[in-house]
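One structure below.
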Number of protein chains: 2
Amino acid sequence: MMDVALRAGVSHGTVSNFFNRPQLLSEATREKVAQAVADLAFVPNDAARTLAKGTGNTIGVVLVDIGNSFFVDIARGVESAAAESAHKLLLANSDVNAQKQDDYLELFDETRVRGIILAPLDGEQDGAARVRSHGRPVVFVNWPGEDDASCGVIVDEEHGGYLAARHLIELGRTTLLFAGGPLTLHAVADRLNGVRRAIDEAPGVALEVLETHSLTTRAGRVLGHELAIRPPARQPDGVVCAADSLAIGCIEQLVGAGIRVPEDIAVTGYDNNHYGAESAVPVTTIAQPGHEMGVIAAELLAEEVGGLPGHTHRTVILKPSLLVRKSTVASAVPAITDAPETAR
Amino acid sequence: MMDVALRAGVSHGTVSNFFNRPQLLSEATREKVAQAVADLAFVPNDAARTLAKGTGNTIGVVLVDIGNSFFVDIARGVESAAAESAHKLLLANSDVNAQKQDDYLELFDETRVRGIILAPLDGEQDGAARVRSHGRPVVFVNWPGEDDASCGVIVDEEHGGYLAARHLIELGRTTLLFAGGPLTLHAVADRLNGVRRAIDEAPGVALEVLETHSLTTRAGRVLGHELAIRPPARQPDGVVCAADSLAIGCIEQLVGAGIRVPEDIAVTGYDNNHYGAESAVPVTTIAQPGHEMGVIAAELLAEEVGGLPGHTHRTVILKPSLLVRKSTVASAVPAITDAPETAR
DNA sequence: TCACGGCATTGAATCGTTACATCGCTCAGC
DNA sequence: GCTGAGCGATGTAACGATTCAATGCCGTGA
C-alpha cells in the first residue's frame, strides 16, 4: 500500500480511505490514487485487512453434497442474496462426511469469515456450536435452528410426505408402500410421518414401510426388483419414495419387469432433482424451494452479522409442493423447465 | 496466542512452534501448550498467519457451473488430490458469468490463496493472467494452458466428436447431423471438427450441421421438433449432439412424434452428465474423465506452488471415451452406475 | 492581517502471526 | 579444560492493512 501511496504522492492512510471511505477524498486525490493503483496493479491484501479489522467480509457456505441439485439451488440462492449485502461467498463441499464438515467449519473459523451458512449432515451439530461460541454466527439450511442460539431454514418434510401420499390416495390407490432410509435420517422419518398422517385420514388405505439402506439409484433398483418379483397380490399400487434417485431406480426395474408405471404401480419421488424430469418415466416429486431457502438463510445471516437490534433467532419453515409427472399420472404434461444448462 | 502462551507459561514463539514445528518442542512443553490451547478453545488466526507468511495454504477453485455434474466431478478430483498436499480448498461458482469469474479470481487474489484452479468460460483469460502476474499460479481445467505461462488439463474434444460420429457410421448410419452451438464455443467447434474427420474417412456419409443457440434441453426440444416435422426423406439417421442436455430434449421430441430412437434416428450426447443415464432413452455419450482432470490439475498446481525445480508449464490432454447406451444401440445394457447420491 | 472553522491528510499504534537470530545449558571429543 | 554442536525456549522485527487523534491547509469574514 505504501508503494501506491508513494506513487500517488499521498500517505498510506489516504490509500486506505480510497478503498474504504472514498467519499472522504477530494476528486483530485481520488483520481491520483486510482491511477497509482492501476499502474501498480495493486491488490489489497485481504489477510492484512482482516487482521486489522478483526473480521473478514466473506461468508462461508458448507454444503453436504454439491452433487445434489437441491443444494446447488440453495447455494445459488445464498449467492444472489449475499451479493446484495456486499458479502463475498466461499463454498465448501463436505461430501456427506462429518470429518470434512468439521474441517471446513474450522477452516472458516480460522479465516475469520463473517458468518457461516451450513447445510449439515444429520447428527449433533457441535462443530457449529464451537464456531458459534467464538462469536461467529451460523445459520442452518435444511436443518432447524437452535432456540436462542442460531437460525435455521427448513422445509416441512412431514407435509411433503403427506402431500405425496395424499396424491396417491386421491388417485384411488389403496395399498401404499413407503420406501426410504435409513429411518434414522430425520428427513426420511419426517416424510414417513406425513405419509402416515395421510393414511390415517383415509380409511381403508394400507401402508407398508420398507426401509432402504440408502437413498441411491442403486437402492432404488433393489427396491424395484424386490417389488417386481412379488406375487401381484402382494404388490402395492402406490409407492412413496423418499428421494428421486430411489424412485428412478425403482421405476426402471418395475418397467423392465413389465409392470406399468403408473397404471399398475404409481411412484412418487422427493426433492425435484434436475434429472428427475428427464428420466424414462418423469417422476412425480415433492419440490423443495431450494433457491428461496438460500435467500432466506443469507438474509438471516445478514441480520446477525449486521447486529440488527431486533434480531431474534428463529427457524423459518417453508412448505414444499407437489409436482405431478407421469410416474403417477400418465397424462401429465411435461413441465416446460430446462435441465441445468451445460456451460461449455 | 499470547493468552495461550501465558497460560502455558511459555512465550508466544513457542506456541507458534507448537502449531508449525511441533517436533522442536519437548514433550512436556508440547503438552502444556496443548492443554492451554484446549482450555482456551484457541483457534489460530489464519489472516495473521497468511499475513506473516506472505501466502495462505488454501487453494481456490473457480468453476464455471456447479450445476453441471462434469464440473462437480472435477471439483471432487481436485479435492481428493489437494488433501494429500495438505491444502484446503475453497470453491466458487462463476455461474457462466464472466464478471463473476473475474470477481472470484480477484477475491482469491486478495485472500492470497496459494494457487488457483480455474475452469473458465470461453474467452480471453486476462483475469487469470492478472492473477498470475501477481505471482499466483493458475492451472486451467477444461481449457488449455498457455505456453511458458501456465498449465492446463483438457480433453481431446476433437477426438470425442470423432468417436461419436464414427460410432454412428459403424452402426451403418449414412446421413448424419451435428447439432450444437454456438459454434464460437471452442468445445463445440472442436467436436464438430472431429465429426468432420470421421465423415471424411467414410465415403458416402453425408453431414449436415445445425447450429443451436445454446446447449440446453430446451434447445434440444426445438431441435427435435424441427427434425420431427421434416419429411422423412430429409431426416438424418444419426444425430451427434454437442451435449447430453441437447440430446435429451431432442430425443424427447422425436419419440413424442413417433420416431423411434435409435431405430429410425440414433442420437449421441456429450459429457456423460449424471442424468443422461436415467433419461427416457439412456443417452449414448462421450464421457470425460472429470475426476481425473481434477486430480491432475491439483497435482500440476502442487508442482507449481511447491516450486518444483524441474517444473515446466504444460497442457495435459486426456482422451474421452465412448459410452454406448440405448439412444444408439437398442440392446445396450444399462450401465450399473449410480446416479449421484442424495445426501439427506 | 489574522483568527477561525471545516476538511483532507498524516502518523502512530495496533491486529495475531511467523521467522530468525540468540540465549543459556549440557555434553562429547580432543 | 577447552571448544563446538545441539537443544529447547525466547524476544524482536516484520507482514500489510485499519483506525483515529492530531495536523496542515484552505478560504472566509472581520
Side-chain angles (χ1 to χ4, degrees), chain A residues 1-37 40-58 86 88 106-114 134-136, chain B residues 1-37 40-58 86 88 106-114 134-136:
Chain A
M1 208 157 99
M2 203 57 216
D3 297 342
V4 174
L6 252 32
R7 181 174 246 265
V10 299
S11 80
H12 70 279
T14 301
V15 178
S16 173
N17 282 336
F18 171 80
F19 283 108
N20 302 296
R21 275 108 65 196
Q23 73 284 2
L24 290 189
L25 303 199
S26 70
E27 178 70 17
T29 310
R30 207 179 307 142
E31 269 173 23
K32 276 190 305 184
V33 178
Q35 186 60 48
V37 167
L40 267 33
F42 173 74
V43 178
N45 185 324
D46 188 65
R49 182 213 301 287
T50 300
L51 179 60
K53 291 234 268 223
T55 177
N57 58 183
T58 20
K88 285 299 179 180
E106 174 103 7
L107 175 65
F108 282 139
D109 206 4
E110 288 184 14
T111 51
R112 303 296 191 257
V113 294
R114 206 62 188 278
H134 301 339
R136 197 151 284 107
Chain B
M1 210 156 94
M2 202 56 214
D3 297 342
V4 174
L6 251 34
R7 181 174 244 267
V10 299
S11 79
H12 72 282
T14 301
V15 178
S16 172
N17 283 337
F18 172 79
F19 284 107
N20 303 297
R21 278 106 69 193
Q23 73 285 2
L24 290 189
L25 303 198
S26 69
E27 179 70 15
T29 310
R30 208 179 306 142
E31 269 173 23
K32 278 189 303 182
V33 177
Q35 187 60 49
V37 166
L40 268 34
F42 173 74
V43 178
N45 185 324
D46 187 65
R49 182 214 297 305
T50 299
L51 178 60
K53 287 233 270 224
T55 178
N57 58 183
T58 10
K88 286 298 178 178
E106 174 104 6
L107 174 64
F108 283 138
D109 206 4
E110 289 184 14
T111 51
R112 303 298 190 256
V113 294
R114 205 63 188 279
H134 302 340
R136 196 153 283 107

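Below, read A as the first sequence line, B as the second, and so on, with proteins coming before strands; counting in each chain starts at 1. Just the heavy atoms: all of them, side chains too, but no hydrogens, waters or symmetry mates, feed the values below.
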Review point. Roughly how bent is the helix from C:dT1-D:dA30 to C:dC30-D:dG1 end to end, in steps of 10 degrees, with each end axis from five pairs?
Key: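 Terminal axis comparison yields 60°.
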Distances under 3.5 Å only, N/O to N/O: pair up the protein atoms with those of nucleotides 22-27 of chain D.
none

Review point. Which comes earlier along DNA chain D counting from the 5' end, the contact point of B:Thr14 or that of B:Ala48, where each point is its nearest nucleotide?
Key: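 Its nucleotide being nearer the 5' end, the pick is B:Thr14.
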**Study point:** Residue mapping more 5' on DNA chain D - nearest nucleotide basis, B:Ser11 or B:Arg112
**Key:**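 Nearest nucleotide further toward 5': that of B:Ser11.
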**Study point:** Minimum side-chain heavy-atom gap A:Phe18-A:Val37 below 4.5 Å
**Key:**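 Yes, at least one pair of side-chain atoms sits under 4.5 Å.
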Exercise for review: May I ask you to test the B:Arg49-A:Glu110 pair for a side-chain heavy-atom distance under 4.5 Å?
Suggested key: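 The answer is yes; the side chains approach within 4.5 Å.
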**Study point:** All pairs passing salt bridge (charged side-chain N to carboxylate O under 4.0 Å, His left out) where residues 6-18 of chain A contributes a residue, at least two apart
**Key:**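 Counting only pairs at least two positions apart or across chains, the salt bridge (charged side-chain N to carboxylate O under 4.0 Å, His left out) contacts touching residues 6-18 of chain A are A:Arg7-A:Asp39.
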Exercise for review: Hey, could you give me each pair passing salt bridge (charged side-chain N to carboxylate O under 4.0 Å, His left out) that has a residue in residues 9-25 of chain A? Not counting sequence neighbours.
Suggested key: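 Listed once each, the pairs would be none.
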Check your understanding: Taking all atoms of both residues into account, what is the closest heavy-atom pair of A:Val113 and A:Thr58, and its distance?
Key ->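 Taking A:Val113 first and A:Thr58 second, the nearest heavy atoms are CB-O, 3.5 Å.
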**Study point:** Rounded distance [0.5 Å steps], NZ in B:Lys53 versus CZ in B:Arg114
**Key:**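 These two atoms lie 7.5 Å from each other.
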Point to revise | Residues from residues 16-28 of chain A lying under 4.0 Å of DNA chain C - heavy atoms | key: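 Only A:Leu24, A:Leu25, A:Ser26 qualify.
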From [atom1] of [X] over to [atom2] of [N], roughly how many Å is that when rounded to an integer?
{"X": "B:His12", "N": "D:dG11", "atom1": "NE2", "atom2": "C1'", "result": "7 Å"}
{"X": "A:Lys53", "N": "D:dC20", "atom1": "NZ", "atom2": "C1'", "result": "15 Å"}
{"X": "A:Leu51", "N": "D:dC15", "atom1": "CG", "atom2": "C1'", "result": "9 Å"}
{"X": "A:Met2", "N": "D:dG16", "atom1": "CE", "atom2": "P", "result": "13 Å"}
{"X": "B:Lys32", "N": "D:dG8", "atom1": "NZ", "atom2": "C1'", "result": "11 Å"}
{"X": "A:Asn45", "N": "D:dG16", "atom1": "CG", "atom2": "C1'", "result": "6 Å"}

Review point. Is a donor on one side and an acceptor on the other found under 3.5 Å between the side chain of A:Arg112 and the backbone of A:Leu51?
Key: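 No, A:Arg112 side chain to A:Leu51 backbone: no donor-acceptor pair under 3.5 Å.
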Review point. Can you name the side-chain hydrogen bond (donor to acceptor under 3.5 Å, both in side chains) partners of B:Asn20, sequence neighbours left out?
Key: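 Here the qualifying residues are B:Ser16.
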Check your understanding: Residues in side-chain hydrogen bond (donor to acceptor under 3.5 Å, both in side chains) with B:Arg30, at least two apart?
Key ->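 By the side-chain hydrogen bond (donor to acceptor under 3.5 Å, both in side chains) rule, B:Arg30 matches B:Glu27.
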Point to revise | Nucleotide nearest A:Arg49 when distance is taken to its side chain, options D:dT12, D:dG16, D:dA17 | key: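 Closest of the options to the side chain of A:Arg49: D:dA17.
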Practice item. Applying salt bridge (charged side-chain N to carboxylate O under 4.0 Å, His left out), name anything that partners A:Glu31, two or more places apart in sequence or on another chain. Key: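 Partners of A:Glu31 by the salt bridge (charged side-chain N to carboxylate O under 4.0 Å, His left out) criterion come out as none, since no residue qualifies.
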Exercise for review: Identify, with sequence neighbours excluded, every residue that meets salt bridge (charged side-chain N to carboxylate O under 4.0 Å, His left out) alongside B:Lys32.
Suggested key: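 With sequence neighbours excluded, B:Lys32 shows a salt bridge (charged side-chain N to carboxylate O under 4.0 Å, His left out) to no residue whatsoever.
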Point to revise | First-last contacting nucleotides on DNA chain C - partner chain B, under 4.0 angstrom, heavy atom | key: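 Contact boundaries, 5' end first: C:dG16 to C:dA19.
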Check your understanding: Using a cut-off of 4.0 Å on non-hydrogen atoms, how would the nucleic acid contact of A:Val10 be classed: base, sugar-phosphate, or nothing?
Key ->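 Contact class for A:Val10: sugar-phosphate only.
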Check your understanding: Contact class for B:Thr50 (heavy atom, under 4.0 Å): base, sugar-phosphate, or nothing?
Key ->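 No contact.
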Practice item. Give a yes or no on whether the ring-centroid distance for A:Phe19 and A:Phe42 is below 6.0 angstrom. Key: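 A:Phe19 vs A:Phe42: aromatic centres under 6.0 Å.
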Check your understanding: Of all residues at least two apart in sequence or in a different chain, which pass the side-chain contact (heavy atoms from CB on, under 4.5 Å) check with B:Ser26?
Key ->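 B:Ala28, B:Thr29.
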Point to revise | Residue list, side-chain contact (heavy atoms from CB on, under 4.5 Å) with A:Asn57, at least two apart or on another chain | key: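 By the side-chain contact (heavy atoms from CB on, under 4.5 Å) rule, A:Asn57 matches A:Asp46, A:His87.
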